[in-house]
Amino acid sequence: MSNAPRLTALMLGLGLAIGATLAPAQDADPARAYVDALLAKMTLEEKIGQLNLVSVGPDYPKEAIMADIRAGKVGAMFNTVTRPDIRQMQDQVVHSRLKIPLFYAYDVIHGMRTIFPINLGLASTWNLDAIATSGRISAIEAAADGLDLTFSPTVDVTREPRWGRASETFGEDTWLTSRIGATLVHAYQGNDLRAPDSLMASIKHFGGYGAVEAGRDYSNVDMSPQRLMQDYLPPYRAAAEAGAGAVMVALNSINGVPATANRWLLQDLLRKDWNYQGLLISDHGAINELVLHGVAKDTRDAAEQALKAGVELNMHDDVYGKQLPALLAAGKVTQAEIDQAVRDMLLTKYRLGLFDDPYRRLQGQDPVDTNAESRLHRAEARQVARESLVLLKNEKAVLPLRKGATLAVVGPLADSPRDVMGNWSAAGVAAQAVSIRRGLENAVAGQGKVLYAKGANLLDDRDVLAYLNSYEPAVAVDPRSAGEMIAEAVAAARQAEVVVAVVGESQGMAHEASSRARISVPDTQRELIKALKATGKPLVLVLMNGRPLALEWEQEQANALLEAWFPGTEGGNAVADVLFGDQNPSGKLTMTFPREVGQVPLYYNHLSSGRPFDAAKPNKYTSRYFDIVNGPLYPFGYGLSYTTFDVSAPQLSSATLKQGDTLTARVTVKNTGDRAGATVVQLYLHDVTASLARPVKELKGFQKVMLQPGESRELDFPITEADLRFYNNDLKLVSEPGEFKVMVGLDSERVREGSFTLL
Ligand code: NOJ
């Protein structure tokens, strides 16, 4: 039996589901008054039309959509992204009976025209201001193209490097993802959703999508209610409470109940317990998929279940349009249920200011050139990208490089502007993106020399290539033999002082529907690395990838490793800034890098166990693998700098903490090296004894500080009782008196401790 009924029963039994604040009196709210008056004028067909979210496709051409808009059968559009196209669609509305404007949505995930680093890279900045900058510029650019809503932020927590969509997440930590999610909601939406440069946020994928089994996309989630509530759901709540206008419902089931039909998830938790009032959007085709999940006997049943669960706007397949009239006639759904969904849709349009002005985000002249250079925000993209890079290894200070040097820049990803942008790169134009090769050439211009050779194809498995190229010619294959390509790269390496090899994954390898069973650098590229290493030249590997890779072998070969993720439009320049030391790297990982895929899931905040492995005193009968070095290759929170830092043990303001009080952990961080640099001081807590096994540590604070050589600074981290709460066995959010450890460090492994008692 699935856990869902038990969870529902527990929550209802505890009154958690009914603790909602009451909505404001309806007649006191002008939005509701407006929408209810409009609703009263609508026919059933017009109402159901509002629930239809469509996009242009081979089966549904533009003309057919325009006719449907005139007939009042469309509520909103996605994937129409230029002003002329959006205007043309909106112009159809005046020919409809009630002239209800459409809104326009798009996956603006890490930039619209200017592409910022992928989300995993954004998170690695540990800089909420930088992340806010990326969100604000995304909104400005998307709204300038006429868009109203983005299907973002993705606040799925994930511990699954096999999952291609890890790239779209902010990593494995619940608390950090919550903060980033809320930051982005504010950044997209601004202070006023009606402002012409505000973009409504639709958080996704509710809920728990990041925990799909074995990282296989679209598979299911089966986990304890405690883990779900404690680790996976809080970021959706944080982003909802930050005011996100919409929520996209996930494709997966949770403990057997698909999210799209999950009344506990959507009604008891989201609507009642969290008092969420925004719009609930289905994911692409998700309502129909209830049949394949095996919980609906046919499409009609699926529509009934989705509507009753609370799914309002139907993405892509118009199941509601086809099924709701008959379901209503048969008494399977009620008019009130349909009206509620339509009301939320109309309220969304009201909040966006579209009833006042359907062309709110289409003011002024259309740009002569949609892709004009002047519409980009390159300086901001470069600055954010510089902070997203994570230095994983730097043996004998091989980095930073000299600009006067001759460099051999090689690898299948070295000169690939398309890959630099990463997946979900919205309206980004590859020709405007700076490849790593170009970035290095820009940096050394007039001083050093850059020799380029591709060196290897991305991979050589024909089936995998066909998969990656199935929708677009994404991966170009060089027809030369592997031997010829390697020989060319080796010749370049021999003439150079240092070799920079750009290796990893193409953007399409870390995307939706891009799960990998092998999380390694493909063999063609490993052969290249082997040959480069054999030249004896210093070898710098710049990694492009959208997930943690198993890099033990690469770490042995390389003198330096720089994790560049997919760094966006200005990626090449940002990588050059770091390689040449114009920017001292400060990024830190937000997902654990395992040594081997067999360790997955491997994450820093695992529960305490009865026989923990201790590397200092290795014991056979402990929780370990006997055939590899245990533990991660690079832990959560890890990242090097060109300088060094030291953090003191935390000094606590008191040995005890009472309800309502704040305790302060004070540490001194010092730049002990000879360069200015920034680092991220991280605070973790551990509940030593509790009614449930608790994580060995949990991130509860961080501060990013910039320090001059020799400079030190005192940092205060406040700790309150709320930081100590967890969902107990009755699914009550509680803190339990007793001892807590406080750990502070520059990553999640090397920490210094203190402790206090919660009274
Ligand atoms: C399906 C994806 O799961 C979702 O993240 C995305 O927003 C929609 N497609 C629309 O493109």
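One-based numbering, in listed order, for ligands and for the atoms of each.
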For this session: Check the side chains of Thr370 and Arg83 for a donor-acceptor pair under 3.5 angstrom, ignoring hydrogens and angles.
Result: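 Side-chain D/A pair, Arg83 to Thr370: absent.
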For this session: Kindly write out the residues that satisfy ring pair (Phe, Tyr, Trp, His ring centres under 6.0 Å) with Trp424, not counting sequence neighbours, or none if the list is empty.
Result: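 Checked Trp424 against ring pair (Phe, Tyr, Trp, His ring centres under 6.0 Å); matches are His511.
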Can you list the ligand 1 atoms lying under 4.0 Å from a non-hydrogen atom of [X]?
X	value
Met248	4 (C), 7 (O)
Phe151	7 (O)
Lys204	4 (C), 5 (O), 6 (C), 7 (O)

Please determine if [X] has a nitrogen or oxygen closer than 3.5 Å to a nitrogen or oxygen of ligand 1.
X	answer
Asn79	no
Asp283	yes
Asp107	yes

For this session: Among all protein heavy atoms, pick out the one at the shortest distance from atom 5 (O) of ligand 1; state its residue, atom name and that distance to 0.1 Å.
Result: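 Heavy-atom neighbour on the protein nearest atom 5 (O) of ligand 1: His205 NE2, 2.6 Å.
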Exercise. Under a 4.0 Å heavy-atom limit, does Glu168 contact ligand 1 with its side chain, its backbone, both, or neither?
Worked result: neither
Exercise. Around atom CD of Gln340, are there more than 12 heavy atoms of other residues, nucleotides or ligands at under 6.0 Å?
Worked result: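 Yes - once you tally the heavy atoms of other residues, nucleotides and ligands closer than 6.0 Å, there are more than 12.
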Exercise. What about the rings of Phe636 and Trp175, do their centers lie closer together than 6.0 Å?
Worked result: no
Problem set entry | NZ/NE/NH1/NH2 to OD/OE distance under 4.0 Å, Arg547 and Glu505 | yes
Enumerate, atom names and distances included, each donor-acceptor pair closer than 3.5 Å involving a side-chain atom of residues 302-313, sequence neighbours excluded.
from: Gln305; atom 1: NE2; to: Val295; atom 2: O; distance (Å): 2.7
from: Gln305; atom 1: NE2; to: Asp301; atom 2: OD1; distance (Å): 3.4
from: Lys308; atom 1: NZ; to: Lys332; atom 2: O; distance (Å): 3.3
from: Lys308; atom 1: NZ; to: Glu337; atom 2: OE1; distance (Å): 3.0
from: Lys308; atom 1: NZ; to: Glu337; atom 2: OE2; distance (Å): 2.9
from: Glu312; atom 1: OE1; to: Arg271; atom 2: NH2; distance (Å): 3.3
from: Glu312; atom 1: OE1; to: Leu280; atom 2: N; distance (Å): 3.0
from: Glu312; atom 1: OE2; to: Arg271; atom 2: NH2; distance (Å): 3.1

